[in-house]
Amino acid sequence: MKESRNTIQKQLVLDAVRRLKSHPTANEVYAEVIKTAPHISRSTVYRNLSNLSETGEILHILLPDSADCYDHRTDSHYHAHCRGCGKVYDIELPEINKILNNVTTSDGFCCEAHSLVFIGLCHGCACSNDS
């Protein structure tokens, strides 16, 4: 993990991600930060989100066909993304650790990180499609 210096801007961004707890996009984090610090630029927020995810203080979640989002939880867990409303949900899959222990290749590949996002419809969107 990359080391970075502690700045007021970095702390404001980290606090915003932790406060939102909703897997916010960079734009949502920016909107939250400027409520208390209107002088901070969008690029400063984006740069700090990148730095915080590089140092492992937050998770950067890549979502296909949607804006990436960020997670205050850095423990081992996974995500489901509703293609209807866009909401991201946490999923616990403790049995995946057994699989990860067996991720190797014949040439000695060593897995350092992984990402898993399930895509579908949440209950609310699935029910509204039935109508």
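For reference, positions follow the sequence shown, starting with 1.
Going from atom SG of C69 over to atom NE2 of H60 covers 8.0 Å, rounded to the nearest 0.5 Å. The structure places CZ of R19 at 8.0 Å from CG of L12, a figure rounded to the nearest 0.5 Å. Between R42 atom CZ and R47 atom CZ the span is 14.0 Å, to the nearest 0.5 Å. Taking CZ from R73 and OG from S76, the interatomic distance works out to 9.0 Å, rounded to the nearest 0.5 Å.
In this structure, H79 has its ring center at least 6.0 angstrom away from the ring center of Y89.
Between K35 and A31, the shortest heavy-atom contact is CG-O, 3.4 Å. Scanning all heavy atoms of the two residues, the minimum distance from Y30 to I40 falls at CE1-O, 3.5 Å. Smallest separation of non-hydrogen atoms from V17 and V29: CG2-CG2, 3.8 Å. Listed here is the closest heavy atom pair of S53 and S50: OG-O, 2.9 Å. In this structure, C82 and L121 approach most closely via the heavy-atom pair SG-CA, 3.8 Å. Among all heavy-atom pairs drawn from I61 and D71, the shortest one is CD1-CB, 3.8 Å.
Side-chain contact between S115 and L62 is absent, with no heavy-atom pair separated by less than 4.5 Å. Using a 4.5 Å cut-off on side-chain heavy atoms (C-beta onward), I58 and L14 make contact. Annotation: side chain of L52 is in contact with side chain of K10 (closest heavy-atom distance under 4.5 Å). Residues H77 and L59 have side chains in contact (heavy-atom distance under 4.5 Å, counting atoms from C-beta outward). Taking the side chain as every heavy atom from C-beta outward, D68 and T25 never approach each other to under 4.5 Å. Two residues are said to be in side-chain contact when any heavy atoms from C-beta on lie closer than 4.5 Å; L93 and L116 meet this criterion.
K21 and E32 are not joined by a salt bridge, as no carboxylate oxygen comes within less than 4.0 angstrom of a charged side-chain nitrogen.
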Quick one: do Q9 and V33 satisfy side chain to side chain contact (heavy atoms under 4.5 Å, CB included)? Show the steps, please. CA-CA 9 Å; Q9 294 89 347; V33 168; over 6 Å; no
Any chance you could lay out the side chain to side chain contact (heavy atoms under 4.5 Å, CB included) test for V117 and Y78, step after step, and finish with the verdict? CA-CA 6 Å; V117 176; Y78 303 92; over 6 Å; no
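In terms of modelled atom types and a separation under 3.5 Å, the side chain of Q11 and the main chain of I8 share no donor-acceptor contact. Between the side chain of S66 and the backbone N or O of L63, no donor-acceptor pair lies under 3.5 Å.
Remark: the Y46 side chain and the N51 side chain contain no N/O donor-acceptor pair separated by less than 3.5 Å. A donor-acceptor contact under 3.5 angstrom links the side chains of H23 and D90, judged on distance only.
Both I34 and V45 sit in one connected hydrophobic cluster of ILVMFWY residues. Membership requires side-chain heavy atoms under 4.5 Å apart, directly or through other members.
Heavy atoms from other residues, nucleotides or ligands lying under 6.0 Å from CG of D75 number more than 12.
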